[in-house]
Amino acid sequence: MRKLPYVIFLFLLLTNLSHAQGKILLAIGPTISYFPSAENTRPKVGISIGIVKDFHLYDKFLLSSGIGFASRGAILENRTIAPYASQPTDAYYQDIHGMLCYIEIPANIQYEIPYSKEIKFKPFIGPIFTFPILDLTHFKKNKFYKNYIPHQSDKSLYDHDFEQESVFNNNVTKVGFNFGFQIRYQNYGLEFRYVLDGRKVYHFDSLSEVSYKMHSMYVLISF
């Protein structure tokens with residue numbers, strides 16, 4: 001029942017988009033995401049693709065909305081990970097390649113600044129509704145750590161146990177915040193968007209919890 005308001009919002013948005021006058025544009029481009037509070041981490045590149053439409057509100061103010069798919073994640077380097085408890089064997093440093101896929105619905109207020117008759121500059125700000133739909137997190141073995149013996153080795157040395165996978169259900173539907181600007185030439189646009197996600201988007205159930213908030217940069221071309 002908690003997701004019912006989001007379902008209603010999605011239905012109303014699609015209805016408005018289908019009856020709106022003017023052109024609905026396709027927006028596509030890369031996403032670059034990172035964990036600002038994590039140590040030994042690297043950004044990861046994903047992709048965003050969706051449809052967008054501008055609605056005139058008042059004077060030079062517009063509402064920009066749409067619906068799209070986006071993949072976002074980051075890399076956590078050199079995490080020590082224990083193997084299955086039933087398999088006493090060597091353990092390794094691992095890189096955790098976190099990646100989640102979302103359905104996203106932005107609702108941004110734009111202010112149109114004409115540069116010429118055909119070129120317009122549009123800064124924007126607003127909420128972004130995100131629905132997690134798929135977890136593509138995986139682990140990449142980096143280098144040998146030491147021999148791990150179940151029930152004898154000190155588990156506090158490990159960030160993650162192989163028996164505990166990413167808890168996808170913790171990545172709940174939530175409203176984020178985004179801002180940026182767009183340069184529009186006729187029906188073509190170049191957009192730079194920064195997304196602040198308040199969720200701790202990766203959660204590994206172990207003594208040393210891996211759980212961080214994620215920020216993302218989008219570079220989108222619309223046509």
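- Shortest non-hydrogen contact noted between K120 and K117 is NZ-O, 3.4 Å.
- A cation-pi contact, defined as under 6.0 Å to the ring centre and within 45° of the axis, is absent between R42 and Y34.
- Transitive grouping of hydrophobic side chains (ILVMFWY, heavy atoms separated by less than 4.5 Å) brings I49 and I105 into a common cluster.
- I128 forms part of a hydrophobic cluster together with V195, Y218, L220, judged by ILVMFWY side-chain heavy-atom separations under 4.5 Å.
- Residues I113 and P123 are in side-chain contact: their nearest non-hydrogen atoms beyond the backbone lie under 4.5 Å apart.
- When every heavy atom of M214 is checked against every heavy atom of S216, the shortest pair comes out as CG-OG, 4.2 Å.
- I32 and F69 fall into different hydrophobic clusters, defined by Ile, Leu, Val, Met, Phe, Trp and Tyr side-chain heavy atoms under 4.5 Å apart, directly or through other members.
- Between I28 and S48 there is no side-chain heavy-atom pair separated by less than 4.5 Å.
- The aromatic rings of Y194 and F179 sit tilted, their planes meeting at an angle between 30° and 60°.
- Only one option out of D54, N178, L63 pairs with N108 in a side-chain contact (heavy atoms from CB on, under 4.5 Å); it is N178.
- Between V175 and P127, the shortest heavy-atom distance links the atoms CG1-CB, 3.7 Å.
- E118 pairs by the side chain to side chain contact (heavy atoms under 4.5 Å, CB included) definition with Y185, Q186, not counting sequence neighbours.
- The side-chain heavy atoms of L136 and S71, taken from C-beta on, include no pair separated by under 4.5 Å.
- Partners of N187 according to the side chain to side chain contact (heavy atoms under 4.5 Å, CB included) rule, which considers only residues two or more places apart in sequence or in another chain, are K23, L25.
- With respect to the salt-bridge test (charged N to carboxylate O, under 4.0 angstrom), the residues K140 and E77 do not qualify.
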(request) Show your reasoning for whether side chain to side chain contact (heavy atoms under 4.5 Å, CB included) applies to F177 and I125. (result) CA-CA 8 Å; F177 176 76; I125 191 171; 3.4 Å; yes
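- The shortest distance between side-chain heavy atoms of L190 and V219 falls below 4.5 Å.
- Between atom NZ of residue K122 and atom CZ of residue R184 there is a gap of 4.5 Å, rounded to the nearest 0.5 Å.
- Environment of CD1 in I221: sparse, with no more than 12 heavy atoms of neighbouring residues, nucleotides or ligands closer than 6.0 Å.
- When side chains are defined from C-beta on, F124 counts as touching E191, because their heavy atoms get closer than 4.5 Å.
- Residues E104 and R72 have side chains in contact (heavy-atom distance under 4.5 Å, counting atoms from C-beta outward).
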(message) Please evaluate residues S222 and L26 with respect to the criterion side chain to side chain contact (heavy atoms under 4.5 Å, CB included), reporting the C-alpha separation (whole Å), side-chain torsions for both, the decisive distance (0.1 Å), and the verdict.
(response) CA-CA 5 Å; S222 57; L26 175 68; over 6 Å; no
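- For F61, the ring-ring contact (aromatic ring centres under 6.0 Å, His included) test picks out Y111, with sequence neighbours left out.
- Atom CZ of F55 and atom CG of L62 lie 10.5 Å apart (nearest 0.5 Å).
- Partners of K44 under the side-chain hydrogen bond (donor to acceptor under 3.5 Å, both in side chains) rule, at least two apart in sequence or in another chain, are H97.
- You'll find the side chain of T130 stays beyond 4.5 Å of the side chain of I103, heavy atoms only.
- Not counting sequence neighbours, the partners of F121 by the ring-ring contact (aromatic ring centres under 6.0 Å, His included) test are F181.
- Residues I47 and T31 are not in side-chain contact: their nearest non-hydrogen atoms beyond the backbone lie 4.5 Å or more apart.
- Between R193 and P106, the shortest heavy-atom distance links the atoms NH2-CG, 4.4 Å.
- Of the inter-residue distances, the one linking E112 atom CD with S64 atom OG reads 11.5 Å to the nearest 0.5 angstrom.
- The CD1 atom of I75 sits 11.0 Å away from the OG atom of S33 when rounded to the nearest 0.5 Å.
- Under the 4.5 Å side-chain heavy-atom criterion for grouping Ile, Leu, Val, Met, Phe, Trp and Tyr, F129 is connected to I51 within one hydrophobic cluster.
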